[in-house]
Amino acid sequence: QVQLAESGGGSVQAGGSLRLSCVASGDTYFPNCMGWFRQAPGSEREAVAAIYTLGNSSYYSDSVKGRFTISQDNSKNTVYLLLNSLKPEDTGKYYCAADVLPCEFGGGWSAVSDFDFWGQGTQVTVSS
């Protein structure tokens with residue numbers, strides 16, 4: 001089992017930045033892919049970014065490419081998501097997720113069903 005704990009959310013104005021963190025504990029050698037998803041009220045959870053934990057390949061949704069950056073510090077079992085140039089449409093609850101398979105295996109990284117473990121989420125609110 002893997003436990004995930006997100007932090008770093010908050011309220012910012014459009015154009016601002018935030019850095020989210022996700023700390024993994026438990027069987028931390030399992031995940032080969034770590035991802036970030038977000039969910040706005042009334043909307044489905046959508047993939048934002050993912051990273052292959054045994055290398056540094058990273059993946060982004062078109063809506064955040066060039067603005068968000070995913071990174072990792074394996075010595076701290078932590079994955080980060082840097083959110084730059086935030087827009088009101090980036091508002092939502094951001095969830096960290098772990099997949100035992102590499103990001104490009106199985107169904108990929110962009111579906112909720114691709115991931116095995118989830119955190120509780122951290123809220124990001126962007127005002128115009």
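Just so you know, residue 1 is the first one in the sequence shown, and it goes up from there.
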For this session: Please assess Val126 against Leu18 for the test side chain to side chain contact (heavy atoms under 4.5 Å, CB included), listing each intermediate value before the final yes or no.
Result: CA-CA 10 Å; Val126 185; Leu18 286 171; over 6 Å; no
Would you say that [X] contacts [Y] through its side chain, given a criterion of any heavy-atom pair below 4.5 Å between the two side chains?
{"X": "Tyr60", "Y": "Ile70", "value": "yes"}
{"X": "Arg67", "Y": "Asp90", "value": "yes"}
{"X": "Trp36", "Y": "Cys22", "value": "yes"}
{"X": "Asn32", "Y": "Leu101", "value": "no"}

Looking only at non-hydrogen atoms, find the nearest pair between [X] and [Y] and report the distance.
{"X": "Ser128", "Y": "Ala14", "value": "CA-CB, 4.3 Å"}
{"X": "Phe117", "Y": "Val100", "value": "CE1-CG1, 4.2 Å"}
{"X": "Pro102", "Y": "Cys33", "value": "C-CB, 4.0 Å"}

For this session: Please find out if less than 6.0 Å separates the ring center of Phe115 from that of Trp109.
Result: no
Exercise. Transitively linked via ILVMFWY side-chain contacts under 4.5 Å: Phe68 with Val124?
Worked result: yes
Problem set entry | Phe105 reachable from Ile51 in the ILVMFWY side-chain graph, under 4.5 Å edges | yes
Seminar exercise, completed: One should read off an interatomic distance between Asp99 CG and Asp116 CG, to the nearest 0.5 angstrom, of 5.0 Å
Problem set entry | Cation over ring face, Arg38 and Tyr95, 6.0 Å, 45° |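 The answer is no, since Arg38 fails at least one limit relative to Tyr95.
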For this session: Check Arg45, Glu46, Lys93 against Gln39 for a side-chain hydrogen bond (donor to acceptor under 3.5 Å, both in side chains) and give me the one that passes.
Result: Arg45
Result block: side-chain N/O donor-acceptor pairs under 3.5 angstrom for residues 1-12, not counting sequence neighbours:
from: Glu6; atom 1: OE1; to: Gln120; atom 2: N; distance (Å): 3.1
from: Glu6; atom 1: OE1; to: Gly121; atom 2: N; distance (Å): 2.9
from: Glu6; atom 1: OE2; to: Cys96; atom 2: N; distance (Å): 2.7
from: Glu6; atom 1: OE2; to: Gly121; atom 2: N; distance (Å): 3.2

Return a table of donor-acceptor pairs under 3.5 angstrom between the side chains of residues 77-87 and protein atoms on other chains or two or more places apart.
from: Thr78; atom 1: OG1; to: Lys76; atom 2: O; distance (Å): 2.8
from: Asn84; atom 1: OD1; to: Ser17; atom 2: OG; distance (Å): 2.8

Exercise. Between Tyr52 and Glu104, is any side-chain donor less than 3.5 angstrom from a side-chain acceptor?
Worked result: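 Their side chains do not contain a donor-acceptor pair, so the 3.5 Å distance test is not met.
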For this session: Look at the side chain of Gln72 and the backbone N and O of Leu54, then say whether any donor-acceptor pair between them is shorter than 3.5 Å.
Result: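 The answer is no, because no donor-acceptor pair under 3.5 Å joins these two groups.
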